**Student:** 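I'd like to ask some things about the structure below.
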Amino acid sequence: MFFFKNVTKEDVKRNLENIKKECAKCSEIPLSYAAGFAYSNDFSTLTMRELFCQADKNMYIDKNQAKIKEANHKRNLILNVIQQLKEKGFNFSDCIYCDAKADAYFTLRAGYSFFLAEDGNYSGAIEQILNELFNEDKRKDYRNVLNVDSLNKHVTKDNPIFEIPYYHQLNNTEMKGKIMAVYLDSDEYGNLHHFVLGFKMYSDTVEMDEKKQLMRYYDQLKQSILENANYIEALMNMAQSIFSVNLTQNQIDGIYDKYMQKNKKPVLPCSYETYFKQWKSNVLEDCLGSFSIVESCQNLLDRYKAGDKHVTVEYQIKMPDDRVIWVQEMILMSEETIYDIDIQKERNIVRAIILFRNTSAFHEKEDREKEKLQLAYQKVDLESKAKTDFMNRMSHDIRTPINGILGMMQIIRKNWGDMDKLDDSLNKMEVLTKHLNELVEDILNMSKLESDHMEIVNEPFDLNDMVEELNSLIDAEVSLQNITYHNHMENVVHMHLIGDALQLRRILINLLTNAIKYNKPNGTIDMYVREISSDDSKVTFEFEIKDTGIGMSEDYIENHLFTPFSQAKQDARTRYEGTGLGMSIVKGLVDKLGGNIEVKSEVGVGTQIKVVLTYQLDTSKNEKQDTSKLDLKDKRILLVEDNEINMEVAEFYLNAVHANVDKAWNGLEAVEKVKEQPNQYSLILMDIMMPKMNGDEAAKCIRKINPSIPIVAMSAQSEYSIDQTIMNDSISKPIDEQKLNHILRKYVA
């Protein structure tokens, strides 16, 4: 507070301005300054207290002027920084201007969903950014990255851009993007002073509904207008031409059009309705209904009175060169009060801004997309119907073994003390479970056969064991259907074969399942396995299935039997539920195995199907087999598996042979264990799909540590094939104990 005597108002103003300038020089942080005074000569009766109050009021005048000046300075700064960003190739929807020295920021641009306040403390903003964009386990690391000291090292004049990617899981939605720090300038010591923090979200990773898309569009439109000193130019970026219209007086006041020839522009102001009456002659007849909304001022005024402030119409017009284009009119209406000199009083008028856009390119693209969409819809519709039909039919074949398993569980509960009954039920449950697993793969098998991706595996197998296993499965089925089943082995000398036992089993199961499904009450089924020829290296078998079922017509056998989803009777889907894939798979597998299939049938009598296949003889079976009990008490095995149940099952099998088991729950953990004990493991059983590091990657790392250690892949993927440079062998899941023991004998025992 200052008191001056014998001075003029100009002296006081000059002194106060000097004081403000001196204060500004001394301040190390940005502050606002304002001053006011009261001149005693202006008042005759005011006391000193009243003069002070008057000076305080006058200070607000200076304060408002200072705020206006600061606002203009801030706006100019924002526009300047935005322009710098555009020149660098950046167009952030959300970004903040940061002052590293003052630890402060203010918002340059902000969309409707931006999470930072308009201005504030930069250190505090970091915490909000971490909370919004980073998962909790990553916040500590990125706090160190985003602080001023760290940015001072990464964001320099020579390295003006520093990118910080982020990933955040929010309400089951993945948020991905990056934060970009952009250098602006340094202080006198060469340290980072001003910089921009821009936020870029990858829009294709976030599902955006229509409302969010519109909000983002209007955010961009608002920013474009606010950042452009010439508003007309900003609007012209969105439209080919703009009309300014006084709707109340039926008058076009202005036309802004970059492309309109001068001789085509009317003399302004001109009549709105006269101009658009001429314009109407170019509008196509089919579009006159849409155009009628905007052809008169009264129509638009009626819309305005009804509450429509924004009207958009589209129509087609014919150009002078006979081209037909689409035109979009966007009319924005508002009301204002004017003083009418003619009537010497105020009155309200409605004005409009009309934006014209050529949307032909959009409609051409839309038409193409509609055509593509229609074709895609038809395709998807057909595929959907086929898929629905298939799933409805597949459900029966899947439910059958499930019902069998549930039935066996009830038998076990009711016969808890009968060990023979328990053992028999468990054996049947095991067979049914294997069958269920194979049914799930039938869909994949059909796809593989059609795309020629089915791989045939040649491995040793025992034909007698396979047939016995098959009989156990069929016995459980026929007992429920009151059907008599017999199996016959005729002239079978060679049991130890090399071939794809799984595919043979699939063929016979499909044939036997059909024989049960399409049989009659109290009917019979006979399966014959005949050895029809052999030499020193191979043997040929004939597999025959005969039933007393409903039979098939000759036409159906020739034209439909091997077609997917086909059944001989029109009502077969309700009476004989199934996938309809069985015979298609059988034919595909028989062809793939190089065999032949022959079908004979008579409607109402039954069906006879013969399959002839040739296999290599397993001569190794003549050698002495290792029948000793497997005991791995001195062996250490690393079991790598991320699923607790799968881990427990595999560990159970390994404990059964007294192996010492170390467990790892992902590939990274497995690599660390091998690093700790590179020569301790006799075998590694490696799951493929795991977090942190998958099985293949882990095997590559382990090979660098110990190239000789056997690694066996464990995979549930039907399409998985091992990389022999890193894996010695593979075993499929669910793990079979016998196959696992075979692996253990091969690589460990």
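Positions are given from 1, in the same order as the sequence printed here. Just so it is clear, the model here is predicted, and its values are computed rather than measured.
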**Student:** Please test Asp11 against Arg14 for salt bridge (Lys or Arg N to Asp or Glu O under 4.0 Å), starting from the C-alpha separation and ending with a verdict.
**Tutor:** CA-CA 5 Å; Asp11 292 332; Arg14 187 168 53 254; 2.5 Å; yes
**Student:** Give, for atom CD1 of Ile331 and atom CZ of Phe243, the distance between the pair rounded to the nearest 0.5 Å.
**Tutor:** 11.5 Å
**Student:** Considering all heavy atoms of both residues, which atom of Leu133 and which atom of Tyr166 are nearest to each other, and what is their separation?
**Tutor:** O-CD1, 3.6 Å
**Student:** Please round to the nearest 0.5 Å and tell me the distance separating atom CG of Asp94 and atom CZ of Phe199.
**Tutor:** 7.5 Å
**Student:** For the residue pair Glu314 and His363, confirm or rule out a side-chain donor-acceptor distance under 3.5 Å.
**Tutor:** yes
**Student:** For Phe106, which residues count as a ring-ring contact (aromatic ring centres under 6.0 Å, His included) partner, sequence neighbours excluded?
**Tutor:** Tyr97
**Student:** Look up atom CE in Met330 and atom OG1 in Thr312, then write down how far apart they are to the nearest 0.5 Å.
**Tutor:** 4.5 Å
**Student:** Within the side chain of Asn152, is there an N or O that forms a donor-acceptor pair under 3.5 Å with the backbone of Leu192?
**Tutor:** yes
**Student:** Taking all non-hydrogen atoms of both residues into account, name the closest pair between Phe90 and Met180 and its distance.
**Tutor:** CE2-CE, 3.2 Å
**Student:** Does atom NZ of Lys692 have more than 12 heavy-atom neighbours, drawn from other residues, nucleotides or ligands, at distances under 6.0 Å?
**Tutor:** no
**Student:** Could you pull out the closest heavy-atom pair between Asp308 and Met333, with the gap in Å?
**Tutor:** O-CE, 3.2 Å
**Student:** Around atom CZ of Phe115, are there more than 12 heavy atoms of other residues, nucleotides or ligands at under 6.0 Å?
**Tutor:** yes
**Student:** Can you list the steps and then say if Gln298 with Asp302 is a side chain to side chain donor-acceptor pair (under 3.5 Å)?
**Tutor:** CA-CA 6 Å; Gln298 191 57 50; Asp302 291 341; 2.9 Å; yes
**Student:** Hey, can you tell me if Phe276 and Phe356 have their rings parallel, tilted or perpendicular (30° and 60° cut-offs)?
**Tutor:** parallel
**Student:** Please tell me whether Thr156 and Asp158 have a donor and an acceptor in their side chains that are separated by less than 3.5 angstrom.
**Tutor:** no
**Student:** Do you know which two heavy atoms are closest between Cys95 and Gly198, and how far apart they sit?
**Tutor:** CB-CA, 3.8 Å
**Student:** Is the closest side-chain donor-acceptor distance between Asp103 and Asn121 under 3.5 Å?
**Tutor:** yes
**Student:** Look at atom NZ of Lys74 and say whether more than 12 heavy atoms of other residues, nucleotides or ligands are closer to it than 6.0 Å.
**Tutor:** yes
**Student:** If only atom types and distance count, is the side chain of Asn348 paired as donor or acceptor with the main-chain N or O of Glu335 below 3.5 Å?
**Tutor:** no
**Student:** With distance as the sole test, does Asp187 use its side chain to make a donor-acceptor pair with the main-chain N or O of Tyr189 at under 3.5 Å?
**Tutor:** yes
**Student:** Partners of Lys69 by salt bridge (Lys or Arg N to Asp or Glu O under 4.0 Å), sequence neighbours excluded?
**Tutor:** none
**Student:** Does Tyr60, at its OH atom, have more than 12 non-hydrogen atoms belonging to other residues, nucleotides or ligands within less than 6.0 Å?
**Tutor:** no
**Student:** Does atom NZ of Lys101 have more than 12 heavy-atom neighbours from other groups under 6.0 Å away?
**Tutor:** yes
**Student:** Is the number of heavy atoms from other residues, nucleotides or ligands within 6.0 Å of CD (Glu644) greater than 12?
**Tutor:** no
**Student:** Among residues at least two apart in sequence or on other chains, which ones pass ring-ring contact (aromatic ring centres under 6.0 Å, His included) with Tyr304?
**Tutor:** none
**Student:** Can you list the residues that meet the salt bridge (Lys or Arg N to Asp or Glu O under 4.0 Å) rule with Arg347, with sequence neighbours excluded?
**Tutor:** Asp340
**Student:** If we ignore hydrogens and angles and just use 3.5 Å, is the side chain of Asp62 paired with the main-chain N or O of Ala35 as donor and acceptor?
**Tutor:** yes
**Student:** Under 3.5 Å, is there a donor-acceptor pair linking the side chains of Asn299 and Ser296?
**Tutor:** yes
**Student:** Heavy atoms only: give me the nearest Tyr272-Leu300 pair and the separation to one decimal.
**Tutor:** OH-CD1, 3.6 Å
**Student:** For Glu87, does the CD atom have more than 12 heavy-atom neighbours from other residues, nucleotides or ligands under 6.0 Å away?
**Tutor:** yes
**Student:** Could you work out, with salt bridge (Lys or Arg N to Asp or Glu O under 4.0 Å) as the rule, every residue matching Asp253, not counting sequence neighbours?
**Tutor:** Arg351
**Student:** Restricting to salt bridge (Lys or Arg N to Asp or Glu O under 4.0 Å), what partner residues turn up for Arg143, sequence neighbours left out?
**Tutor:** Glu127
**Student:** Quick one: does Thr248's side chain have a donor or acceptor within less than 3.5 Å of a partner on Val350's backbone?
**Tutor:** yes
**Student:** For Phe37, is there any backbone N or O sitting under 3.5 Å from a side-chain donor or acceptor partner on Asn58?
**Tutor:** yes
**Student:** If I compare all heavy atoms of Pro160 with all of Lys157, which pair ends up nearest, and what's the gap?
**Tutor:** CD-O, 3.8 Å
